[in-house]
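Report on the structure given below.
Below, read A as the first sequence line, B as the second, and so on, with proteins coming before strands; counting in each chain starts at 1.
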2 protein chains.
Amino acid sequence: MSTKTSGDWIAQFPGLMQLDEQVKAPLAESSRIVSLPVGTRIFGPGQAPSNYMLLLEGSVRVQQSSDTGREIVLYRVSAGETCALTTACLMGYEEYQAEAIAETNVSAVAVPRETFDSLIAKSPDFRRFVFAAFSERITNLLKVIEEVAFARIDIRLAQNLLRLAGDNRKAAVTHQQLASELGTAREVISRQLQEFQRRGWTASSRGAIEIMEREALEQLAKA
Amino acid sequence: MSTKTSGDWIAQFPGLMQLDEQVKAPLAESSRIVSLPVGTRIFGPGQAPSNYMLLLEGSVRVQQSSDTGREIVLYRVSAGETCALTTACLMGYEEYQAEAIAETNVSAVAVPRETFDSLIAKSPDFRRFVFAAFSERITNLLKVIEEVAFARIDIRLAQNLLRLAGDNRKAAVTHQQLASELGTAREVISRQLQEFQRRGWTASSRGAIEIMEREALEQLAKA
DNA sequence: CCGCTCTCGGTGACTAAGTCACATACCCCG
DNA sequence: CGGGGTATGTGACTTAGTCACCGAGAGCGG
């Protein structure tokens, strides 16, 4: 599913809006808007990305799996952002073990490598846009390393519950999904949640966690 | 300690050698060769890098510390390579929590940001060089995440012992240093090494580990 | 509405890893 | 050769992850 673009989408990216007209033009002209249904695997081992992707709508989860079946979420790409690994892959011509999966229905702009290359070469602003996004992801990866290596699981769970719930009282996730977020095992999550529940901080139902005492969780999360 | 360069060093970087003369010239002219004694902190929190660094000689360790005093080595930069985080910092104008430390006496070429920017803009080859290096580091970081999150400590220890020993029979490291490599605690390393020793795979002396049965370690390392 | 199946969550028993506190051993330097 | 600083050893305990299995809900076809 793809259509040629008019370039209207450029306005959705603050970093691109102020580009010169002669930069915007080829960008708009050569790129395509693609729609991807939820669950689509966007890239993964043996499936190298071949376009530079700008997300217009939806959310993409980038994760890594171990051979023992455990998984860990590295980061998410949401509307208005770009996928760093895709970028890295384009830049370095190298493949990654990680995989990217559409968490929702996604619409995105796909910029072909040639256009990407030539824009990088021609436009300092475009470069800045790409690099800044890139830089942000790396910071993020470093944070993931720090958390996996050094942080307690109860703290990380509290952080993730709050993040996944957002402003809602309930987070619609299974224990297994939480385990995959943190890169741990389902049983570990189940036991931690039991402890939270024992303290009256959360309530569990099949496929959802209700936050009863947000403050207590926030307290733990920043410990 | 810094001296203006003649540009001879460019020959040490295969990726730079085939650059056009009009690219090499400003590179050689505006950059400086710097010497850093072992232990120098090259960047860290509150100490942003301000130059693009190309390593001529020596080795730089990039690591992250936790508030509980544990540390983990993210990667090393050795002669002929560049530091990705430095690059990212230049590109994204963002700061990192990680710190870089000279493991040996180091000599490096420091390219000022302006020169770096202009070369990125002008030379596709230089871009390729920078991006390829960058890309490689990211692959590496992903591998670190996978190992910290999923791999057994005995396996990681075996891998690191072999790596640190190289072709030598002995690796001159303390248990604490090994612990910092892996992002774990010293006691954990001590106990694992005792187990290796019990099996006759290694022998320990103060500040050094001797490899007795390389094959057994290699076997474990790739398990 | 019943029963089947599939996913989700609960649990016990065990192993692996990390923490804390403290005891030794070793080495160098004066 | 003695003492201080660094390196390593160890026990007791907590936290995290693994394995094997159970039972409860939810959805669906008959």
| note | L220(B) atom CG is separated from dA16(C) atom C1', nearest whole Å, by 14 Å
| Rounded to the nearest Å, what distance is computed from the CG atom of residue D67(A) to the P atom of nucleotide dT18(D)? | 11 Å
N/O to N/O distances under 3.5 Å, protein versus nucleotides 7-9 of chain D:
from, atom 1, to, atom 2, distance (Å)
dA7(D), O4', R206(B), NH1, 3.3
dA7(D), O4', R206(B), NH2, 3.3
dT8(D), OP1, G207(B), N, 2.9
dT8(D), OP2, H175(B), N, 2.8
dG9(D), N7, R186(B), NH1, 3.0
dG9(D), O6, R186(B), NH2, 2.9

| said: If the test is ring-ring contact (aromatic ring centres under 6.0 Å, His included), which one of F134(B), F116(B), F129(B) qualifies with Y52(B)? | reply: F116(B)
| said: Over all strands shown, is E195(B) touching base, sugar-phosphate only, or nothing at heavy-atom distances under 4.0 angstrom? | reply: nothing
| Are E187(A) and R191(A) side-chain neighbours, meaning at least one heavy-atom pair lies under 4.5 Å? | yes
| field | Heavy-atom donor-acceptor pair, Q47(B) side chain to R41(B) backbone, under 3.5 Å | value | yes
| request: Describe the nucleic acid contact of T184(A) in one word from base, sugar-phosphate, nothing, applying a heavy-atom distance below 4.0 Å. | output: sugar-phosphate
| request: Determine the sole option in Q192(B), E147(B), R156(B) for which the side chain to side chain contact (heavy atoms under 4.5 Å, CB included) test with L182(B) is passed. | output: R156(B)
| said: If you take any heavy atom closer than 4.0 Å to DNA chain D, which residues from residues 140-166 of chain A end up in contact? | reply: R152(A), I153(A)
| query | Is any side-chain N or O of Q192(B) closer than 4.0 Å to OP1 or OP2 of dA17(C)? | reply | yes
| said: Is it true that N160(B) and R163(B) share a donor-acceptor pair across their side chains at a distance under 3.5 Å? | reply: yes
| query | How many Å lie between CD1 on I189(A) and C1' on dG9(C), as a whole number? | reply | 13 Å
| Basic-acidic side-chain contact under 4.0 Å: R199(B), E195(B) | yes
| note | Only residue of Q197(A), K170(A), R169(A) satisfying side chain to side chain donor-acceptor pair (under 3.5 Å) with E210(A) is R169(A)
| Salt bridge present between E181(B) and R61(B) (N-O < 4.0 angstrom) | no
